[in-house]
Amino acid sequence: MNEQTLVLIKPDGLKKSLTGNILTRLSETKLEIAAAKIARVSEELAVEHYKHLKDKPFFKDLIKYIRGDLHDRHKVMAMVYWGDGAIKKVRELCGTTNPEEADPVSIRGAYGRITTSGVYENAIHTSGDKEDAEREIKLWFDPDEIIVDIYPTKQITEKEAKRRVWA
Ligand code: UDP
Ligand code: MG
C-alpha cells in the first residue's frame, strides 16, 4: 500500500557531508521523493516536532541539536518519501534510535554517535508510524510543496496576506 514518510537529514548529517551517501542508501528502497527542501528549524518547529519528548532530560539539547546549534549548520534537509510500505522501509534502513545499538550497516549505525551530553546524534530522522508521518509531514510541508496528493486539502482565500516575491 502506498504511504508517505517524513525524512530529515539532521545537522550532523549535513556537517559530515553525508547527504549524498544518505540519499544513495535511501534509493535502495525504490521509493519516490515526493518533496524536498532545505529548511531552517525555528524553536517552535523543533519543539512541536519533538513534543513527545518534552519531559525528557535531554530535551533542551535535542532542540539545540535539531536546530543546528551543536554543528554550526542551521538547517536540515527535509523530504517526503512515498511508495509501497514507505514508513517501514525507510525506518529499517535508518536503524534504531540509539546509534550504538543500531545495525552497523544501517544509516544510524554507520554514521551516528552518542555525544558526551548523552544526545544521540543519529544523522537522520524518519517517521515512526502512520500517525507520526501525517503529523510531521503537515508540520514541515505545505500541500503545494508535495507533488503527490497524500492528505485531503481545502482551498482558502487569504486577503491581505503578505508574501515575498522576486524583485
Ligand atoms: N534521542 C536521544 N536520546 C534518547 C532518545 C532519543 O538523544 O534516549 C534523540 C535522538 O536524536 C532521536 C530523537 O531524540 O532520533 C527522537 O527520539 P525518538 O524516540 O522519537 O526516536 P526516533 O523516532 O528518532 O528513532
Ligand atoms: Mg520518533
Side-chain angles (χ1 to χ4, degrees), residues 3-29 31 33-141 146 150-151:
E3 59 183 20
Q4 49 282 341
T5 190
L6 180 79
V7 172
L8 303 175
I9 301 181
K10 297 181 178 180
D12 55 321
L14 296 179
K15 178 143 188 176
K16 292 175 178 173
S17 276
L18 293 172
T19 308
N21 305 49
I22 290 174
L23 294 180
T24 301
R25 294 299 309 277
L26 288 170
S27 70
E28 289 169 24
T29 61
L31 296 166
I33 301 175
K37 65 182 175 185
I38 301 292
R40 297 250 184 247
V41 187
S42 67
E43 175 90 21
E44 297 71 41
L45 177 57
V47 168
E48 185 62 26
H49 179 77
Y50 281 133
K51 68 179 180 190
H52 60 293
L53 298 169
K54 69 176 185 329
D55 297 327
K56 299 283 184 193
F58 56 82
F59 186 67
K60 262 202 160 124
D61 285 330
L62 178 61
I63 297 304
K64 280 193 194 155
Y65 165 40
I66 197 66
R67 295 200 65 203
D69 293 345
L70 308 181
H71 297 92
D72 198 24
R73 288 287 187 289
H74 293 101
K75 57 190 176 186
V76 299
M77 184 165 178
M79 291 164 289
V80 175
Y81 274 78
W82 178 84
D84 187 41
I87 296 170
K88 188 156 176 266
K89 280 182 185 161
V90 179
R91 197 83 196 169
E92 275 178 8
L93 200 60
C94 285
T96 53
T97 309
N98 180 337
E100 282 187 1
E101 288 171 2
D103 184 335
V105 300
S106 68
I107 294 170
R108 287 169 162 182
Y111 301 129
R113 66 169 197 143
I114 301 179
T115 64
T116 45
S117 71
V119 174
Y120 302 161
E121 287 184 5
N122 48 16
I124 189 167
H125 166 83
T126 184
S127 310
D129 57 37
K130 260 185 150 43
E131 288 69 37
D132 274 356
E134 178 167 359
R135 187 181 79 82
E136 294 173 359
I137 290 169
K138 288 179 173 175
L139 189 61
W140 286 84
F141 287 93
I146 304 172
I150 48 178
Y151 306 119

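Indexing begins at 1, ligand by ligand and atom by atom, following the structure's order. None of these values were measured; they are calculated from a predicted model.
Sorted by first and then second residue, the side chain to side chain donor-acceptor pair (under 3.5 Å) pairs with a member in residues 79-89 read Lys88-Glu92; sequence neighbours excluded. Residue pairs meeting the ring-ring contact (aromatic ring centres under 6.0 Å, His included) criterion with at least one member in residues 36-63, sequence neighbours excluded, are His49-His125, His49-Trp140.
Of all protein heavy atoms, the one lying nearest to atom 19 (O) of ligand 1 is Leu53 CD2, 4.3 Å. For atom 24 (O) of ligand 1, the nearest non-hydrogen atom of the protein is Arg108 NH2, 2.9 Å. For atom 1 (N) of ligand 1, the nearest protein heavy atom (residue, atom name, distance) is Phe58 CE1, 3.6 Å. In terms of protein heavy-atom proximity, atom 20 (O) of ligand 1 is closest to His52 NE2, 3.0 Å. From the protein, the heavy atom lying nearest to atom 25 (O) of ligand 1 is Thr97 OG1, 2.6 Å.
The closest side-chain heavy-atom distance from Ile63 to Glu43 is below 4.5 Å. Residues Gln4 and Ile137 have side chains in contact (heavy-atom distance under 4.5 Å, counting atoms from C-beta outward).
Proximity annotation for atom 9 (C) of ligand 1: of Ile114, Ile124, Leu62, Leu62 comes nearest, heavy atoms only.
Heavy atoms of Lys10 come nearer than 4.0 angstrom to ligand 1 in at least one pair.
Looking only at distances, no side-chain donor or acceptor of Ser106 sits under 3.5 Å from a matching main-chain atom of Ala102.
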Passes side chain to side chain donor-acceptor pair (under 3.5 Å), Asn21 versus Tyr111? Steps please.
CA-CA 10 Å; Asn21 305 49; Tyr111 301 129; 3.3 Å; yes
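Neither the backbone nor the side chain of Asp61 comes within 4.0 Å of ligand 1, counting heavy atoms alone. Contacts between Tyr120 and ligand 1, counted as non-hydrogen atom pairs separated by less than 4.0 Å, involve both the backbone and the side chain. If you look at Arg91 next to ligand 1, the close heavy atoms, those under 4.0 Å, all belong to the side chain.
Residue Glu121 forms a side-chain hydrogen bond (donor to acceptor under 3.5 Å, both in side chains) with just one option from Lys16, His71, Lys10, and that option is His71.
Not one N or O of Tyr65 is nearer than 3.5 Å to an N or O of ligand 1, by distance alone.
The neighbour count for Lys15 NZ, taken as heavy atoms of other residues, nucleotides or ligands under 6.0 Å away, is above 12.
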